Amino acid sequence: MSELSAKDQTLLTNTLHETGVFVTCGLETPNIMVTHWGALGTFWGRDVFILPIRSCKYSYQIVTKSKSFALNVPTRDMRTEISLCDTLSGLKCNKFETLGLHPKRARGIDAYILGECGLIVECKTVAVISPENIEQQVEGLISSKRPHTLFVGEISDAYRLK
C-alpha cells in the first residue's frame, strides 16, 4: 500500500469539506458521485476512509457489488464539475462524457479514476454499516428520510497523477 502523506491527508480533508471530492466506482457500469463528507482514520489497524452513500443512489449499487471505490481529489478548481456532478444521475447519462472528464483505469481496484484529479486514493471495502445498525445517541442526528450506509474502505493505494 502506498500511504497517504500528511500533506495528502490534509489536502483530502480540506477539499472534502471545502468543495467536495469525486468518488468513482465500477468498471462495467462506471459512475461518478461527489461526497462532501466522510472520515479518514485508522480502524482495526488499517488506514480507512468511511464513505457515506444513500441506498437510493446508483453508486450505492455499484460499490456494494464491486466492494471498492476511489477518491479523486482535485488539485485545481473543479467546482463547476463538482456542482454539475451533484445534479446528474449515472442511471440517465454517462457522467464522464457529460462532465468532459477523462477516465483512466485504477491501479488496483475494479474502477476508473479521473485523469483531471491530482490525488487518487483507492479503497477496498472491509465493512458496511447499514443505517439500521447505527444507534443514534443524539435526537435528529441521523435523518430517517435520507439515511446513509457507511462503507468502510481500506486504503489500498494512494498516488498522485502527473
Side-chain angles (χ1 to χ4, degrees), residues 1-26 30-44 46-64 66-90 95-96 99-104 106-109 111-131 134 138 141-143 146-162:
M1 176 188 113
S2 298
E3 291 188 20
L4 273 174
S5 68
K7 180 180 176 183
D8 287 343
Q9 288 179 28
T10 300
L11 175 64
L12 171 58
T13 304
N14 288 346
T15 305
L16 182 69
H17 299 295
E18 290 171 7
T19 60
V21 170
F22 292 104
V23 178
T24 52
C25 54
N31 195 41
I32 309 168
M33 65 174 257
V34 172
T35 188
H36 298 277
W37 54 289
L40 182 64
T42 304
F43 286 92
W44 311 298
R46 301 165 189 242
D47 292 330
V48 301
F49 184 84
I50 301 173
L51 174 67
I53 307 177
R54 290 187 192 104
S55 62
C56 62
K57 298 292 185 182
Y58 185 44
S59 291
Y60 175 90
Q61 297 170 30
I62 298 170
V63 172
T64 298
S66 69
K67 297 180 178 24
S68 62
F69 58 88
L71 305 171
N72 299 261
V73 183
T75 52
R76 65 173 176 85
D77 185 0
M78 294 184 75
R79 285 179 284 192
T80 300
E81 292 88 343
I82 286 171
S83 293
L84 187 55
C85 188
D86 265 347
T87 65
L88 300 171
S89 168
K95 288 187 183 184
F96 293 95
L99 297 170
L101 299 174
H102 301 90
K104 293 182 165 195
R107 295 197 313 198
I109 60 171
Y112 290 98
I113 58 169
L114 301 178
E116 289 77 9
C117 291
L119 174 62
I120 307 298
V121 180
E122 296 183 14
C123 298
K124 294 180 181 177
T125 304
V126 294
V128 179
I129 304 167
S130 66
I134 300 172
V138 177
L141 180 66
I142 301 168
S143 169
R146 297 172 48 161
H148 291 79
T149 296
L150 303 178
F151 290 87
V152 181
E154 180 176 6
I155 297 171
S156 58
D157 202 356
Y159 50 94
R160 287 190 168 258
L161 297 177
K162 304 235 177 193

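What's counted below: heavy atoms across the whole structure, side chains too, no hydrogens, waters or symmetry copies. Fair warning: this is a prediction, and the values are worked out from it, not measured in the lab.
To the nearest 0.5 Å, the span separating CZ on Phe49 from OG1 on Thr13 amounts to 8.0 Å. The line from CG of Leu71 to CD1 of Ile155 is 7.5 Å long, rounded to the nearest 0.5 Å. Distance check: Thr87 OG1 to Lys95 NZ gives 8.0 Å after rounding to the nearest 0.5 Å. For the atom pair CD of Glu3 and CG of Asp8, the computed distance is 11.5 Å after rounding to the nearest 0.5 Å.
The side-chain contact (heavy atoms from CB on, under 4.5 Å) search around Gln61 returns Tyr58, not counting sequence neighbours. With sequence neighbours excluded, no residue forms a ring-ring contact (aromatic ring centres under 6.0 Å, His included) with Phe22. Residues satisfying the side chain to side chain donor-acceptor pair (under 3.5 Å) criterion with Thr42, sequence neighbours excluded, are Asp47. Qualifying side chain to side chain donor-acceptor pair (under 3.5 Å) partners for Asp86, counting only residues two or more places apart in sequence or in other chains: His36. Residues satisfying the salt bridge (charged side-chain N to carboxylate O under 4.0 Å, His left out) criterion with Arg79, sequence neighbours excluded, are Asp77.
Thr24 places a side-chain N or O within 3.5 Å of a backbone atom of Tyr112 that can act as its donor or acceptor partner. Between the side chain of Gln9 and the backbone N or O of Leu4 there is at least one donor-acceptor pair closer than 3.5 Å. Put simply, the side chain of Thr35 gets close to the backbone of Trp37: a donor and an acceptor are under 3.5 Å apart.
Between Ile53 and Phe69, every side-chain heavy-atom pair lies at or beyond the 4.5 Å cut-off.
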What side-chain donor-acceptor pairs closer than 3.5 Å can you find for residues 113-122, not counting sequence neighbours?
| residue | atom | partner | partner atom | Å |
| --- | --- | --- | --- | --- |
| Glu116 | OE1 | His102 | N | 3.1 |
| Glu116 | OE2 | His102 | N | 3.1 |
| Glu116 | OE2 | His102 | ND1 | 2.4 |
| Glu122 | OE1 | Gly108 | N | 2.8 |
| Glu122 | OE1 | Ile109 | N | 3.4 |
| Glu122 | OE2 | Arg107 | N | 2.7 |
| Glu122 | OE2 | Tyr159 | OH | 2.5 |

List the steps, then state whether side-chain contact (heavy atoms from CB on, under 4.5 Å) holds for Phe43 with Val126.
CA-CA 10 Å; Phe43 286 92; Val126 294; over 6 Å; no
